Amino acid sequence: MSVLCRLVGRRGDRPVFVAVALFTLLVLFGYPAVDRYLRLAGIAPQFIFWDFGAYATAVERW
């Protein structure tokens, strides 16, 4: 029996836990698709290493 089936089977005993667990799974697995859509639509900025300047400066000072 899969873990997801066991989780859904517990909804009679612990409905709040099951709801929170399913919502968390939905957010964790849905986030990459939403992020990709927002980046392709131009709403979210492209991923850039904004910290690289700080790392380069730290290496130079070292």
Side-chain angles (χ1 to χ4, degrees):
M1 187 184 272
S2 72
V3 175
L4 188 58
C5 288
R6 286 184 8 203
L7 179 65
V8 172
R10 296 250 181 206
R11 69 182 165 201
D13 299 334
R14 305 187 67 166
V16 175
F17 173 75
V18 172
V20 170
L22 290 175
F23 177 75
T24 303
L25 287 173
L26 179 70
V27 169
L28 288 176
F29 287 109
Y31 176 76
V34 172
D35 184 55
R36 175 137 174 97
Y37 172 76
L38 291 176
R39 288 180 197 274
L40 290 175
I43 298 170
Q46 294 296 323
F47 182 74
I48 301 172
F49 292 100
W50 291 299
D51 292 4
F52 187 74
Y55 296 135
T57 304
V59 168
E60 287 176 13
R61 289 182 182 176
W62 177 62

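Since the model is a prediction, treat every value here as computed from it, not as a measurement.
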Looking only at heavy atoms, what is the nearest atom pair of Leu7 and Val18, with distance?
O-CG2, 3.3 Å

Please list, chain by chain and in numerical order, all residues satisfying salt bridge (charged side-chain N to carboxylate O under 4.0 Å, His left out) with Arg11, sequence neighbours excluded.
none

Check this for me: Arg39, atom CZ, are more than 12 non-hydrogen atoms of other residues, nucleotides or ligands nearer than 6.0 Å?
yes

Check whether Val34 and Ile43 end up in the same hydrophobic cluster, where Ile, Leu, Val, Met, Phe, Trp and Tyr are linked by side-chain heavy atoms less than 4.5 Å apart.
yes

Say whether Leu25 and Val20 are linked into one hydrophobic cluster, either directly or through other cluster members, by side-chain heavy-atom distances under 4.5 angstrom.
no

